[in-house]
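The next block holds one structure in the form of C-alpha cells; read it before the comments.
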Amino acid sequence: MTVPLVWYVFLALILFTIGLVVIVSRHNLIYTLMGVELILNGANINFIAFARALGGKYPIAGNIFSIFVIVLAAAEAAVALAIVLHVFGHFGSVRPEDPNMLRE
Amino acid sequence: MSQLQAYIKDLGWIGPELVLAATALVVLLVELYRRGRKSGWSLGLALVITLAAGFGLSWLGRTFSAALGRPVDLRLDVAVLGLVYVLVTMGDLWFKGDKWDRLVPGLVVLAGTLLAGYYAVGLMSALSADPKGTSVFGLQLVDSYSVYFKLLALVSLLVVTLFTMNYRDLKRGFGEYYLCLVGAHLGIMFLVSSNHLLLIYLGLETLSLSSYLLAGFRKEDPRSAEAAVKYVIYGGVASAIMLFGFSLIFGLGGSLDLVEIGRHLAGTAQGSNRVLVGLGMACTLGGLSYKIAAVPFHFWCPDVYEGAPTPVTTFLAVASKAAGFAVIVRIVAVLGQGPGWLEKVTSLMAVASALSMTYGNLGALHQTNVKRLLAYSSIAHVGYILMAVAALFGAATAGEGGTFHVDPRAAESILYYLGAYMIMNLGAFGAVIYIAKSAGSEDMDDWWGLGWKLPVVSGVLVIFLLSLTGIPPTVGFYGKWLLFRTAIAGGFLWLAVLAAVNTVFSLFYYFKVAKVLFLKPAEESRGVTVRPAAVMAVVLVALGLLTLFFGVLPSALESLAGASAAAL
Amino acid sequence: MTAEFLAFLVVAAAAVSGALITLWSKSIVRSAFGLILAFLGVAGVYALLGCAFLAITQLVVYVGGVVVLYLFGVMLTPPDLEERRASRVSFWAALGLVSLVLFSISLFGTRLPSSQGKPMGDAAGIGEALLTRDAYLLPFEIASILLLVVLVGAVHLARREKKKAQENAEGEEA
Amino acid sequence: MDWHTFTTVDFAWMLAIPALPLAAFVIQIFFGRWLPRKGDWVPTTAMGFALVLAVGFFLKAMGIFDPTLYIQSSNPPPGETGLSLAWLFGNAPSGAPNIVFSVLFDNLTAVMLVVVTGVSFLVHVYSIGYMEGDKRYGRFFAYLALFSFSMLGLVLSGNLLFLMVFWELVGLTSYLLIGFWFEKPSAAHAGFKAFITTRIGDVGMLLGFLIIFKHFQTLDIVTIFQKLGETTGDFQHWPGWVTAAGLLVFCGAVGKSAQFPLHIWLPDAMEGPTPVSALIHAATMVAAGVYLVGRFYLFFSPSALLVIAMVGSFTALFAAVIGVCQWDIKRVLAYSTVSQLGYMIAALGCGAYSAGLMHLMTHAWFKAGLFLQSGSVIIGMHHEQDMRHMGGLRKKMPITFWTMLICTLALCGIPLFAGFYSKDAIIAGAMHAAAHGGPALWLWYFPAIALVVAAGLTSFYMFRLIFLTFYGEPRSEHAEHAHETPWTMTVPLMVLAALALFSASPWIFNGDVLGHHLWFPHVVAHPEKVEAGRLVVEKAAEEHGVLPLVMSILVALGGIFLAWAFYYKKWLSAEEWARKMGWFYKAVYNKFYVDEFVMKFIVRPVVFHWNVACAAFDKYVIDGIVNAVGRGGVEASEGSGWFDKYVIDGIVNAVGFTVQVFGGIARLFQTGFLDQYLAFTAAAIALGAVLFFFFL
C-alpha cells in the first residue's frame, strides 16, 4: 500500500467539506440531500481506509459498516424524497425557505 | 453449548425487542387484512393470524425464559391478547367504521407493549444481581442501564398509543402509523443497549427515519408536512455529520466497540492526533445533540414540535429525547475517560447546557402556542440534564492507568430526571391534546377561563407545570434537586447558579398557562364543543398522581435509577 | 510516484471534481451527474483499497439507485425553481476552503496508524460475517425491520388519495 | 539580539501618548457642547502635547537607542512596568496566558508615533477651518481624538490581543469618520463598505493570530519572536504553518492598507470630510497595514514574502492605471494612495525593509499635505470636486498652489524632495531582488518592472491634476470666484510642504543631495535575523545604484512631460487617446470592474447575512425595547393610584420588558427558514471545532 492513509483521510475531508457547502449554499432541498450523500461517502472512505490500516478483523468490519451506510443512505433518500415531494404538493416549492408557516 | 442454544439465549436477552417486532408485524398483517375486509373469509384470516401470533408469542416467551433459566410463564398473557384481539376484529366486522379502524391496531400495540414491558420488568429483576449484564450477539450490552431506558420507552409507547387512539385529527393510515411508532421504539430499544458504533448508527436511523415519517403523518395538513421536511433535512444532515465523526473515532480509537475505543483513547495521550480526534468528537457529539435538541442543534425542535401531530410530539419530546441522552451519556462516559479528553468533552457539554437552558427559557417567554411553549421548555430541560452530563465524572480523580470513571451519583441523577421528565411531559402533552381538542385551538389566547369548564384535566395540567418548574412536592422538584447537587459536586457551580436563574424565568411562562386557564370566570370562556374520551382523562389523572407520588416518595424511582446507573 | 498513487490521484480527482460539479452547476440535472461522477470516484477508491464487493455495491445502489431517485425527484418538481445564487455559493465555498486549508495543515502532521495493506473483505467473507451470530447478524435483522418501516411509511406519504368522495364519506362518519 | 526594558517613568510617559487623546475624547464627547468654541481646542491641545512627547521619544531613539537593535524593549513583568490584568486581580492562574497591556517600543514605534501625532495634530488644526459651521463640529473633534487614541494604541501595543483590539477600534472609528455626513447616502454607504471590506481581511488576520497563539501559547509579540527564532532555527527552516500564519496576518494588511483586491473601499471613503481623508487614508490607518507587515516582518517566510511583493507591486501598478482616468480630485489622490501603499508593501516583500517604512513616513507627510491642499481647493471651489470644472486657480490660491506643487513633486520622486529618496530606495530594492532573486527567480522581475512603470504613471496623473486644477482658464463659475482659505488651513499646508521637502534628507543643512547618509535606514534598521537566510537588499537601498536612480528620475520626468503635452500644451488630445484605447479605456474607467466583482462575490453575501441579522435585531430587540418603554409610559400615566402607577405597573412593565427583550433573542434565530437553520448549524459546528482546538 503505497498511498499513505492520510491522503484517504484528506479526500474524505474534502468530500465532507464540499458536502457541507452544498448543504448550506444551494437553495433546493434535493441539493441538500445530495450534500448529505457526499458527506456519507466521505465517512465511508474513512471507514474503509482506516479499516485497512488497522488490519486484523477490521477490514471485514469496515466493509460491513460501509455497506450498512450505503443501505441506510438509500432508505433515507427514499424517505426524504417522499417527504420532499409531499411538501411540494403542499407548498408548490422545493426551496428550503418556502415552507415557513412554523417559526419564532 | 451449541451454536443454536447460544443463539436462543441471545434472543432471550433481547426479548422485549422481539415482542415489539412481532407486534409491528401483526399490526401490518391486521392492516393488510382489514383493507380487504369486505369479503367473508377475512374473519377466518383474522382468526388464523391471531392464533398464530398468540402461539408464536407464547412459544417465544417460553423458549426465552427457559434459556435465561427463569420460569416465566407467558401463556396467560398471550391468551388474553388473543382473546382481546379476536373480540375486536369480530366487533370490527359488525361495527364498520372509523372508530374500530382507529381502535384495532392501537389495541394490538397496547397488548404487545404490555407484554414487552412485562418481559422487560423480568429482565430488570434478573439483572438486579449483576447490573453489568451481558453482551449479546457480540454487539449489544444488555445491562440494567439499557433496560431502564427500555422501560421508559415502553411506558412512552403505551401512553402515546393511548393518546393516539384519542387523537381525532388523525383520520386514516392507522396501521402505517403504528408500524412507524413501534418501529421508532424498536430503534430506541436497540439504540440504548448498543455498545457498538454500527448498532448506534442503525438504532438511531431506525428511530429517526420512523420519526420523520411520523412527523409528516397528517397528510392533509401543510404544517405537518413542513415539520416533516424540516425534521428530515435537518436530521439527515446531522446524522451524516455524526457518521463522519464515527468514522474518525473508529480510525483513531482503533475499534468499533465503545469500550475498546475508550480504552484505546485513554491510552493515547493527546498528541498529534488531537485535531482529528477533536473533529471526530465534535462531529459525533454535535450529530447526537441534534437528537436531544440541545442548543445550537435545536433549530428544528420548536417548528417540528408545533407542526407534528401532538402524540408524535409527545413521543419526540419524551422517548426520542431519552434515547438520545442514553447514547450521549454512554459516549461521554467512554470518550471522557482519557486524561486529555475529559476536560474538553465536559466543557463542550457545559457550554451546550448553559446555552440550552437559557435559550429554551428565553424562547418560551413569548410563546402563545402551548405546544411551541412546551417545545422551548423541553430545550430548557435538556439544558438542565446536560448540566449533569457535564458533571458526569464528578470531581474526577484518575483511577488506575490514569483513566477517569463516571460518578454513579451523577448518572443516577440523569436517569432519575429522565424518568421524571417523561412522566410530567407525557402528562403535559396529553393535557394539551385534551384541552386543545375541547377548545378547538392550541393557542393559549383561546383558553381563557377553560379551567372551570374542564376542571380535572386543567388541574392535572397545573400539577405537571408545577413539576416542570420544579416546585415541591412534585417529581420534577426532586429531580432538579438531584441535578443541582450533581452539578455542584462536579465543580459546575456556575451552571447550577445559571440554572437557578433560569428556573425563575421559567416560572413566568409556566404560570402564564395556569393563569390563562383559571383567571377568568367560566362565563367568559369559549364553549367546550367536543369532549375527548374519558379514558384520556383517566390516563392523565394517573400520570398526575404518579407525579405527586414520586414527588413525595422519590426513593421508589431513585432506587431503580441508582441500580441502573450502577451499570455504567 | 507509483502506479497505485497515480491511480489514487485519478479516482480522487474524479470524486472531488464530481463533488465540485455538484456544488457549482447551475442545472440540477448536471449536478446529479456530477454526483454520479463523485460516486464513481469513490467506488474507484474502494476498488483501489481492494474492496471489490463494496465498489460494486456502491455502483449498484448509489449510481443505479439513489441518483436515479434524485432524478425522479427532479423530474417531479419544476426544474426552474432554484435560482442559483452565485454569491451565496461562493461565499460558503470560500469559507469551506479556508477551513479545509486550516484543517489540512494539522491533518498532515497527524500520526495515523501505518498502512498494513492486507487483503480486504471479499464477498464470501462479508456474507459470512453478515449471517453469523457473533458477527453482524443482529444489524442485518435490524436493517430489515428498518427497511420495512421505511417502505410502508414512505408509501403512505407518497400515495395520492384516490377518491375524494370516499374521504368525505369517512369524514362524515368521524 | 538584545532586549532592553525601559523604566517605569518611560512607560508612564509612553502610556500618556494614547491617554491624552483618549481623555480628550471623553471630555469632548460628554462636555464638548458646553465648552467655549464647542471644545475644539481640547483634542487639539491634547494632540499637541502628544506630539511633543512623541518627538521627545523620537529624539531619544535617535540619540540614545542603538540603531542596530531591532527591538528595544519587551513585555515587562506584571507589577513592574506593565499594566496587567493579573496585576489588577491578584495572581493569574498558572498556565493561562497572561493578558498584559505591554508596550513594544522600538525605533519603528518612535517614528510611527511622530508620524501619527504629527499628522493628527495638523489635521486637528486644519479641521478648525475646514469644518467650521458644521452642525456636528464638536462631535467631529471627538471622533478625531478617538481615532488618534486607537491608532496610537495600535502602534504601541506589544500584545496580539491588544493589537487586535486597537486594530478593530481603528476600523470602527474610521467607520464613524467616513460616515460622518451620514445624511448623504453615499457617505453612509462608503463607511459601511469600508467597514465590511476591511473586516474580510481582518478575519484572515484573526485566524493568523489564532495559529500563532496556538503554537506559542503566548500573546506577547516579543516572546513570540524569540520563540519563532527557536522554531525556525537560523531562519533556514520554515514550517508550513509559519508561512500560513504570515500570509493570514498579511490578509489584515491587505484589508486595512487597501491592497488588491480589497482596495475598493478606499476610493469610496473619500465621501468623508477631507481632513479625515488626510488623516486616515493617507497617513495613519492605511499605513497601519504596512506597519503590521513591518512589525511581523520576522514572520514572513521567503514564499510569503514573494506573495507580499506580488500583491504590493500589482496594486501599485493597477491603482496607478486607474488613477489616470479619474476626474474627481480626491479620487485621483485616493488611487494614488492605493498605489503608493502598494509601493510600501512591495518594498517590504522585496526585502527593502527600511525603504518601505521610509516611504511610509515620507508618504504620510506629502500625501496628507496633498489631501489637505485638495481640501483647500474644494473649500475654495465651494465644494466642487470635479477637475473638469476647475482651472486657473494658480493665481487665486497661491499658497495652496505652491505647497501642492511641492508635495506633488515629492510624490513624483523628483530629486531633492523627500519622496525621491524613499521611492528610489524602493525601486533599487526591487531591482536588486530581481537581480538576485529569491525562490521562483523569474517572478521577481515583475515587482521591479511594475514599480518603474507605476512611477511614470504617478507623475503623469499627478501633473494632470496640477495642470487641470491650477493652469489654463477657469472652467466654471466657482473657479472664477475661488479664494484662498484661512490661516488655520494654510499653515498646516506649509508645515507639511516643508516636511515633504526635508523629512527624508535635510540636504539644505548637510548638503546630502543624493541621499547617501539618510537618517532613516540607520534608525529603523533591517532586522538582523533576517539577513541570515533570506534576501539581503538593504545594502542596495542604501547605496542607490546608478541604474535605478537614473531610471526613476527619467521615468518621473517622462510622466511629467506627457502630462504637460496632454493637458497644458494640448499637443495631444486625451479624448482622442481614450477613443483609441477602446475597451481598455473603458475597463480602466470602470476601475477594472473589481468593485463589482468583490461587491458581488464577497461583500454582498456578507452584507446579506449581516442585514438579516441587523434587521432582526432592529425589529425585535430595538422595537421591543421602544414598545415596552412606550407602553409603560402610557399605562403609567393612565394608572389610578400612586401604588398602581408605580409599583404594580412597574412590575408588569418590567416583566413585559424582560419578555420582549429576551424573547427577541430566541426569535432572532428561530426564523422558520430551514436553510438558515442549516447555516447556523454549520457555523455552530465550525465554532465548536475552533473552541475544541484552541481554547479548551
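Per chain, numbering begins at 1; letters A, B, ... match sequence-line order. Just so it is clear, the structure is predicted and the values come from calculations on it, not from any experiment.
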If you tally heavy-atom pairs under 4.5 Å between each of B:Cys283, B:Ala225, B:Ser239 and chain A, the highest tally belongs to B:Ala225
In the structure I gave you, are the side-chain heavy atoms of A:Phe47 and B:Leu256 within less than 4.5 Å of one another anywhere? yes
Which atoms form the tightest heavy-atom contact between A:His90 and B:Lys219, and what is the distance? NE2-O, 2.6 Å
Check B:Ser247 against A:Asn46 and note the closest heavy-atom contact, atom names and distance. OG-ND2, 3.0 Å
Can you tell which part of B:Asn369 gets under 4.5 Å to a heavy atom of chain A, answering side chain, backbone, both or neither? neither
Does the B:Glu205 side chain pair with the main chain of A:Leu72, one donor and one acceptor, at a distance under 3.5 Å? no
So which part of B:Leu243 gets closer than 4.5 Å to some heavy atom of chain A, the side chain, the backbone, both or neither? both
With a 4.5 Å cut-off on side-chain heavy atoms, are A:Leu20 and B:Ile241 touching? yes
Contacting region of A:Ala51 [heavy-atom separation from chain B under 4.5 Å]: both
Heavy-atom pair with the smallest gap, counting every atom of B:Phe244 and A:Ile39: CD1-O, 4.2 Å
Taking all non-hydrogen atoms of both residues, which atom of B:Gly216 and which atom of A:His86 are closest, and how far apart? O-NE2, 4.0 Å
Under 4.5 Å from a heavy atom of chain B, the part of A:Ile45 involved: neither
I need the minimum non-hydrogen distance between A:Ala75 and B:Leu209, along with the two atoms involved. CB-CD1, 4.1 Å
A:Val69, part contacting chain B, at a heavy-atom distance under 4.5 Å: both
Locate the shortest heavy-atom distance separating B:Val229 from A:Pro99; write the atom from each residue and the value. CG1-CG, 4.1 Å
Between B:Ala227, B:Gly307, B:Ser255, the one whose heavy-atom pairs under 4.5 Å with chain A are most numerous: B:Ser255
Pairwise distance CG(B:Leu213) to CD1(A:Ile83) - rounded to 0.5 angstrom: 5.5 Å
Checking A:Ala12 against chain B: side chain, backbone, both or neither under 4.5 Å from a heavy atom? both
Name the region of A:Leu13, side chain, backbone, both or neither, that has any atom closer than 4.5 Å to a heavy atom of chain B. both
When B:Tyr201, B:Phe246, B:Tyr231, B:Tyr212 are compared by non-hydrogen pairs under 4.5 Å with chain A, the top option: B:Tyr201
